[in-house]
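Notes for the one structure printed next.
Just so we're clear, the structure is a prediction, and the values are computed from it rather than from any experiment. Every heavy atom of this structure was used, including side-chain atoms; hydrogens, water molecules and symmetry mates were not. Within every chain, numbering begins at 1; the chains are lettered A, B, ... in the order of the sequence lines, protein sequences first and strands thereafter.
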Number of protein chains: 2
Amino acid sequence: MNIRDLEYIKSVSKHLHFGEAALACNVSQPALSSQIKKLETELGVTLFERDNRSVRVTDAGRDIIALADDALSVIGNIYSAAETARDPLSGEFRLGTIPTIAPYLFPNFVTQSRAALPSLKLQFREDITDRLNDSLLSGDLDAAILATPPESSKLDVIELYDEPFWVIFPEHHDLQSFKRVRTKDLPTDELLLLAEGHCFRDQAMDVCRLDSSNETYTVRATSLETLINMVAARQGVTLVPAMALNPRRISGSGVDTQKLNDKSAYRRIYLTYRKSFPRQALLQKMADVFCEGLPETVKRIRG
Amino acid sequence: MNIRDLEYIKSVSKHLHFGEAALACNVSQPALSSQIKKLETELGVTLFERDNRSVRVTDAGRDIIALADDALSVIGNIYSAAETARDPLSGEFRLGTIPTIAPYLFPNFVTQSRAALPSLKLQFREDITDRLNDSLLSGDLDAAILATPPESSKLDVIELYDEPFWVIFPEHHDLQSFKRVRTKDLPTDELLLLAEGHCFRDQAMDVCRLDSSNETYTVRATSLETLINMVAARQGVTLVPAMALNPRRISGSGVDTQKLNDKSAYRRIYLTYRKSFPRQALLQKMADVFCEGLPETVKRIRG
DNA sequence: AATAATGATAAGCATTACTTATGAATATAA
DNA sequence: TTATATTCATAAGTAATGCTTATCATTATT
């Protein structure tokens, strides 16, 4: 059986005339006749009683044509569903982000994506890089915003922006006297770091040329907010990525900030996704929306 | 799009593996792959996100495969309906009969057809030959039991039985003295006839070598019962076909009967149908059932 | 008797779908 | 690291299916 056959019998039952039915189906009358005959043979049922002058629908034909109508209607729904789904900017989208980005990027992004991607249903998840990468590979996430390029060759990225690192230190700390702070000026023994697994921990250690053997502090914060609060409590100094600097929160909280003055003291932020992800256009659009709302403190790569 | 394509995507969504899905569909993996790719192109939607190691159903794919399941289910119903309809002995059947047969043939026939054709839904209609023939040609009837062969070349017949004519006359009528009554013995001026349009009127006149100019009586009965009752009331004599003789009704009703002793004094009864009627096997079976219950007074042609 | 209408049939061509063989990419095992 | 296996995609050739035009057979209509 064939979907076109169903259209043929529907057309014949409507016109009760093979020639006109064929015309309506944009085929020749012999084509339609032979297809119907073949279908009747396949079903073992005569659908139309016909002689050289008239066409009648048989009892069995009536039942079967009613079902054919149903089937064609469902098949029409398939095309409709496809048409709806064809817009890559619509549907569900599961986005993951690391904890050192999510709180600073998402508030703006949610607002802007509502305007730019109104028919997109966004779901967010916050987790560390490794688990986000696993989820990407398994298909549990569609994309993630990460600060490290992917290791798997199945993943690809859109580069979003470079985010400088800033020092946060208590008011009246020695660092306050520096006009320009560089990593070599940092008191590494006072450095407060995130817990293991957080990529920014590695990035901070990296920029300060520390390795795990150098660790002096046993603080294992899981958020930059915690680190900043600890600095305010004069527990040490820390680094944060630029986006974590909220001027209103910093001012009057007992901490001071300076941008790290090294060329390499930044991290690159990527939108990571499976190469096989079908809605690539959405990824591009989404990257645009991300970059739209970026503050002056970061250096956008796109647009 | 193609029904087989729907089966392919259903299979892939079940196995999440093109090779196994192809195996389940009894096609080679490249065949299945290329058909799915073509369908995706036609719909403009990626149904499966796949790389060299894994297959995932996309959001749009999920919706569309659900609809494909629906469509396949309806199409399954088409095959089921065909299987049910394939039995030519089932379904509706519209049978027409003339008034000089219906009352005598149907009671038995209904009983016997219930046993022999249990899944047949019979609808009866009683009318005169011309209108039954029209209904046959227009498809309003599937068959008719008639006493005249059809004129249209679109109709065909199964011969059922030959039905002799009998004379009915009042007790103590002159005819009572005949051992064997022949048509030439009939008092044609006393002959009571059915209304015009009834074929038995013509047959009776024919056998008596009368034509419309010979009419003396203006009686226009529409049933044989009326004629018999008129004979009982000594209004004249009449002819009836053999099946109209119900011994229990005749005895003691003031009439007497004799079989007409002419070779040509009978009529042949046909099951008439369109040549194009698809359930020919049903017609044969039905003819058998008719002949089963015939009384000894008629001469069956079949079986 | 001639003409028109209508579905069936025939022959040949175009399209479609399938098969087998092979490729490319990537896991897994040695 | 290198070899092997897995898996989907691609290629080339073939089989099948469906279509077109031309024609036939039958039956109304003029």
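- Annotation: side chain to side chain contact (heavy atoms under 4.5 Å, CB included) contacts of B/Ala21 (sequence neighbours excluded): B/Ser11, B/Val12, B/His15, B/Leu32.
- We find that CD of B/Glu151 is positioned 15 Å from P of D/dT27, with the value rounded to whole Å.
- Residue pairs satisfying the side-chain hydrogen bond (donor to acceptor under 3.5 Å, both in side chains) criterion with at least one member in residues 58-71 of chain B, sequence neighbours excluded, are listed as follows: B/Asp59-B/Arg62.
- Of the side-chain N and O atoms in A/Ser33, one or more sit less than 4.0 angstrom from OP1 or OP2 of C/dA8.
- Close to D/dC8, at under 4.0 Å from its OP1 or OP2, lies no side-chain N or O of B/Lys37.
- For B/Arg274, the side chain to side chain contact (heavy atoms under 4.5 Å, CB included) partners two or more places apart in sequence, or in a different chain, are A/Glu49, A/Arg56, B/Asp142, B/Leu155, B/Ser276, B/Phe277.
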Encode nucleotides 20-30 of chain C as B, S and - characters from 5' to 3', where the letter depends on protein heavy atoms closer than 4.0 Å: B to the base, S only to sugar-phosphate, - to neither. BB---BBS---
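- If you take CZ of B/Phe48 and P of D/dC8, they are 11 Å apart, rounded to a whole angstrom.
- DNA chain D lies under 4.0 Å from at least one heavy atom of each of the following residues of residues 13-23 of chain B: B/His17, B/Phe18, B/Gly19.
- When the P atom of D/dT17 is taken as reference, atom CD1 of A/Ile3 falls 17 Å away, rounded to whole Å.
- In this structure, B/Arg4 reaches the C/dC18 phosphate: one of its side-chain N or O atoms is under 4.0 Å from OP1 or OP2.
- When rounded to the nearest whole Å, the span between CD of B/Glu49 and P of D/dC8 equals 14 Å.
- Note: B/Leu95 CG to B/Ile145 CD1 = 4.5 Å, rounded to the nearest 0.5 Å.
- For residues 76-87 of chain A, no residue pair satisfies the salt bridge (Lys or Arg N to Asp or Glu O under 4.0 Å) rule, not counting sequence neighbours.
- Comparing B/Asp51 and A/Gln35 by the nucleotide of DNA chain D whose heavy atom lies nearest to each, the residue mapping closer to the 5' end is B/Asp51.
- What separates CG of A/Leu39 from P of C/dA8 is a distance of 14 Å, to the nearest Å.
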Walk me through whether A/Arg268 and A/Asp162 qualify under salt bridge (Lys or Arg N to Asp or Glu O under 4.0 Å). CA-CA 4 Å; A/Arg268 179 157 289 185; A/Asp162 288 333; 2.7 Å; yes
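- Each ring-ring contact (aromatic ring centres under 6.0 Å, His included) pair with one or both residues in residues 34-60 of chain A, not counting sequence neighbours, would appear here, but there are none.
- Going from atom CG of B/Leu32 over to atom P of D/dA9 covers 10 Å, rounded to whole Å.
- Contacts of A/Ala195 classified as side chain to side chain contact (heavy atoms under 4.5 Å, CB included), with partners at least two apart in sequence or in another chain: A/His198, A/Arg220, A/Thr222.
- DNA chain D lies under 4.0 Å from no heavy atom of any residue of residues 55-65 of chain A.
- With sequence neighbours left out, A/Ile98 forms a side chain to side chain contact (heavy atoms under 4.5 Å, CB included) with A/Thr100, A/Ile101, A/Thr129, A/Leu132, A/Leu146, A/Ala147, A/Cys199, A/Arg267.
- As judged by a 4.0 angstrom heavy-atom cut-off over every strand, A/Tyr8 is placed among residues touching the sugar-phosphate backbone only.
- Not counting sequence neighbours, the partners of A/Phe124 by the ring pair (Phe, Tyr, Trp, His ring centres under 6.0 Å) test are A/Phe106.
- Annotation: side-chain hydrogen bond (donor to acceptor under 3.5 Å, both in side chains) contacts involving residues 132-141 of chain A, sequence neighbours excluded, comprise A/Arg125-A/Ser135, A/Ser138-A/Asp140.
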